[in-house]
Amino acid sequence: MFTKENITEIKKLITPANIITFLEELGGNPKFDNESVIISRTICHEGNSRKLYYYCNTSTFHCYTNCGTFDIFELVQKIFKVDFFQSIY
């Protein structure tokens, strides 16, 4: 069973390079804005604007269009329309 602590540990293992690869594979066309921010297309809601930001220091995404703030697992849920447990497998 996954706990909040397990999820936190998993998120610590995800590197900015992993995020870049993930976003590239989903067509997000990510780019580093600086060393700690990655900017991508708003794939969270099938948009084309470059308003999906990933903040490396907090391991969170923020969609400046309409989705708000979320983590990698919530992004997977939004894109693939799955629940939390499906998003971690």
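Side chains included, hydrogens not; waters and symmetry mates left out as well; all remaining heavy atoms used. Since we're looking at a predicted model, the values are computed, not measured.
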Subject >> From CA spacing to verdict: ring-ring contact (aromatic ring centres under 6.0 Å, His included), Y53, F61 >> reply: CA-CA 5 Å; Y53 285 60; F61 289 90; over 10 Å; no

Subject >> Residues I39, Y64; criterion side-chain contact (heavy atoms from CB on, under 4.5 Å); working and verdict >> reply: CA-CA 11 Å; I39 301 175; Y64 285 94; over 6 Å; no

Would you say that [X] contacts [Y] through its side chain, given a criterion of any heavy-atom pair below 4.5 Å between the two side chains?
X   : Y   : value
V76 : F70 : no
Q77 : D83 : no
F73 : K11 : yes
I43 : L52 : yes

Subject >> Derivation and outcome, side chain to side chain donor-acceptor pair (under 3.5 Å), residues N29 and R41 >> reply: CA-CA 6 Å; N29 192 24; R41 283 188 331 97; over 6 Å; no

Original post:
Can you list the residues that meet the side chain to side chain contact (heavy atoms under 4.5 Å, CB included) rule with I14, with sequence neighbours excluded?
Top reply: N18, I19, I72

Original post:
Of all residues at least two apart in sequence or in a different chain, which pass the side chain to side chain contact (heavy atoms under 4.5 Å, CB included) check with S49?
Top reply: T42, K51, T65

Original post:
In Å, rounded to the nearest 0.5 Å, how long is the span from SG of C56 to CG of N34?
Top reply: 8.0 Å

**OP:** Kindly compute the distance separating CG (L23) from CD1 (I79), expressed to the nearest 0.5 Å.
**Re:** 7.5 Å

**OP:** Would you please name every residue forming a salt bridge (charged side-chain N to carboxylate O under 4.0 Å, His left out) with E46, sequence neighbours left out?
**Re:** none

Original post:
Can you name the salt bridge (charged side-chain N to carboxylate O under 4.0 Å, His left out) partners of K31, sequence neighbours left out?
Top reply: none

Original post:
Can you hop from I20 to Y54 via hydrophobic side chains spaced under 4.5 Å?
Top reply: yes

Subject >> Listed partners of E35 passing side chain to side chain donor-acceptor pair (under 3.5 Å), at least two apart >> reply: none

**OP:** Would you mind listing every ring pair (Phe, Tyr, Trp, His ring centres under 6.0 Å) that reaches into residues 14-51, with sequence neighbours excluded?
**Re:** none

Subject >> Heavy-atom donor-acceptor pair, R50 side chain to P30 backbone, under 3.5 Å >> reply: no

**OP:** Can you see which heavy atom on L75 is nearest to which on C44, and at what distance?
**Re:** CD1-CB, 3.7 Å

